[in-house]
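The next block holds one structure in the form of C-alpha cells; read it before the comments.
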Amino acid sequence: MTKLSVNINKIATIRNARGGVSPSVLEAAINCQKFGADGITIHPRPDERHITKKDVYAIKPIITTEYNIEGYPSVDFIKMVIAVKPEQVTLVPDGPYVITSCAGWDTIKFQDYLKEIIIEFKENGIRTSIFVDPKLAMIEGAKLCGTDRIELYTEDYATNYTEDKEKAIAPYVLCAKKANELGLGINAGHDLSLENLAYFAKNIPNLAEVSIGHALISDAIYLGLENTIQMYKRLL
Ligand code: PXP
C-alpha cells in the first residue's frame, strides 16, 4: 500500500506568524503518526520561514514511522541531514527564496553533481529520492544518478486533473512504468488533495509514498487532523 507522509511545514508557518511555540510542530508530528500517517516530511529552508534548523533536530527523536527531509542540497543542508539521519532525504532543485518547489531536477545536466551527493547520503545509510518532472529522459537520468527513488512532481497533474484527468495522468503513468523497469522506487507530491489523490494512486503502478502538506493541513482546519488523515489514508 502507498504510504502517506504528512508534510508539516504549514504548522510551522502558523507558529512562526506569532513567533511563539504554538501550534507545536512536535505535537503535530506525534499526532499525525498517532492518527495513521506513515511518515513525517519537512522542508527546511535557509530563511527558516517555516521549519527551523532547531525543528529538524527536535523532530527526529519523536519519529516512530519514517522521517523524510526535503531540500536543496547546499553544504549546510547536507551536513544537517547527515547529522540527523532521517530514513529518507528528498533533493529538490529550487533556490532558497521560491515560495514552494516549482520544478524537478534536470537529471542529465546535474548528473555528476547529484551522483556525488547521493553517494554521500547513501554511505550514511539515508535513502535518497530526487524530485523530477514527469519526463522519460529525467527518469532515465535519475537512474544514472544512483538514486533509490524519484519523487514525481505532481503540480501539472493536479492543475489539469479537473479538465481531463486521463490526459493529466498519462505522462506520470509512462514515467512510473519506466521507473519500475529501471528498479527505481516511486514517490510523488505537490498539490495532491482529497479530490485528485485516489485517481493518481490507482493509476500509478507501485507508488511507494505520497507526501502531502498544503491541502491536508488546510482540510484539517475544517475536518480535524485525525479525520483528515484517515480520509487521505482511505484514498490510498
Ligand atoms: N514534495 C516537495 C518536493 C515539496 O517541496 C512539497 C511542498 O513542500 C511537497 C511535496 C508537498 O506539496 P503540498 O504542500 O502541495 O502537498
Side-chain angles (χ1 to χ4, degrees), residues 2-14 16 25 28-29 32 37-52 55-56 59 66-74 77 81 86-107 114 117 127-134 138 142 147-161 168 172 175 185-198 200-201 204 207-221 225 228-229 231-233 235-236:
T2 305
K3 289 188 170 177
L4 171 66
S5 188
V6 175
N7 179 319
I8 57 169
N9 290 353
K10 287 281 153 20
I11 305 289
T13 304
I14 300 173
N16 294 359
V25 291
C32 285
D38 306 296
I40 297 296
T41 292
I42 55 162
H43 191 149
R45 290 183 180 275
D47 62 5
E48 300 194 315
R49 64 177 182 260
H50 39 67
I51 294 292
T52 64
D55 292 329
V56 178
I59 292 168
E66 284 207 355
Y67 196 16
N68 175 40
I69 305 181
E70 300 172 349
Y72 177 79
S74 63
F77 177 86
V81 172
E87 279 70 23
Q88 177 174 273
V89 63
T90 300
L91 305 178
V92 295
D94 48 45
Y97 301 109
V98 298
I99 291 175
T100 182
S101 304
C102 51
W105 284 102
D106 182 333
T107 57
L114 286 167
I117 295 167
R127 188 174 74 225
T128 59
S129 179
I130 56 179
F131 197 50
V132 286
D133 291 313
M138 294 303 121
T147 189
D148 301 301
R149 293 190 185 181
I150 49 161
E151 178 179 331
L152 292 170
Y153 175 31
T154 47
E155 187 188 353
D156 276 355
Y157 164 72
T159 307
N160 299 317
Y161 174 85
Y172 293 87
C175 286
I186 304 171
N187 296 342
H190 223 285
D191 291 319
L192 293 173
S193 68
L194 285 175
E195 187 194 2
N196 61 35
L197 178 63
F200 190 83
I204 298 300
L207 178 61
E209 177 187 302
V210 288
S211 66
I212 308 182
H214 187 83
L216 189 152
I217 301 299
S218 303
D219 291 331
I221 293 172
L225 189 58
T228 301
I229 289 176
M231 288 168 82
Y232 276 83
K233 289 273 291 182
L235 299 180
L236 295 170

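Counting starts at 1 for both ligands and their atoms, in listed order. We count residues from 1, following the sequence as given.
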Side chain, backbone, both or neither: which part of [X] has a heavy atom under 4.0 Å from ligand 1?
X: Glu70; result: side chain
X: Asn7; result: side chain
X: His190; result: both

Taking a cutoff of less than 4.0 Å between a non-hydrogen atom of the residue and any ligand atom, is Ala215 in contact with ligand 1?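 So Ala215 does not count as touching ligand 1.
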With no hydrogens and no angle check, is any side-chain donor or acceptor of [X] less than 3.5 Å from a backbone partner on [Y]?
X: Asn9; Y: His43; result: yes
X: Asp191; Y: Glu155; result: no
X: Asn160; Y: Asp156; result: yes

Using distance alone, decide if ligand 1 has a nitrogen or oxygen within less than 3.5 Å of any nitrogen or oxygen in [X].
X: Gly213; answer: yes
X: His43; answer: yes
X: Arg45; answer: no

Starting from [atom], find the nearest protein heavy-atom neighbour and note its residue, name and distance.
atom: atom 15 (O) of ligand 1; answer: Asp191 N, 2.8 Å
atom: atom 11 (C) of ligand 1; answer: Ser211 O, 3.8 Å
atom: atom 10 (C) of ligand 1; answer: Glu151 OE2, 3.2 Å

Please state which option from Val92, Val6, Thr90, Asn187 has its nearest heavy atom closest to atom 3 (C) of ligand 1.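 Selected option, by shortest heavy-atom distance: Val92.
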Arg49 and Asp47 ion-paired at < 4.0 Å: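 Judged by the 4.0 Å cut-off on N to carboxylate O distance, Arg49 and Asp47 do form a salt bridge.
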Separation of Thr41 OG1 from Ile69 CD1 (nearest 0.5 Å):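 Reported value, rounded in 0.5 Å steps: 9.5 Å.
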Per-atom contacts of ligand 1 with Asn9, taking only distances under 4.0 Å to non-hydrogen atoms: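 Once the distances to Asn9 are compared, the set is 8 (O).
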Would you check, one step at a time, whether the test ring-ring contact (aromatic ring centres under 6.0 Å, His included) holds for Phe200 with Tyr157? CA-CA 9 Å; Phe200 190 83; Tyr157 164 72; 5.0 Å; yes
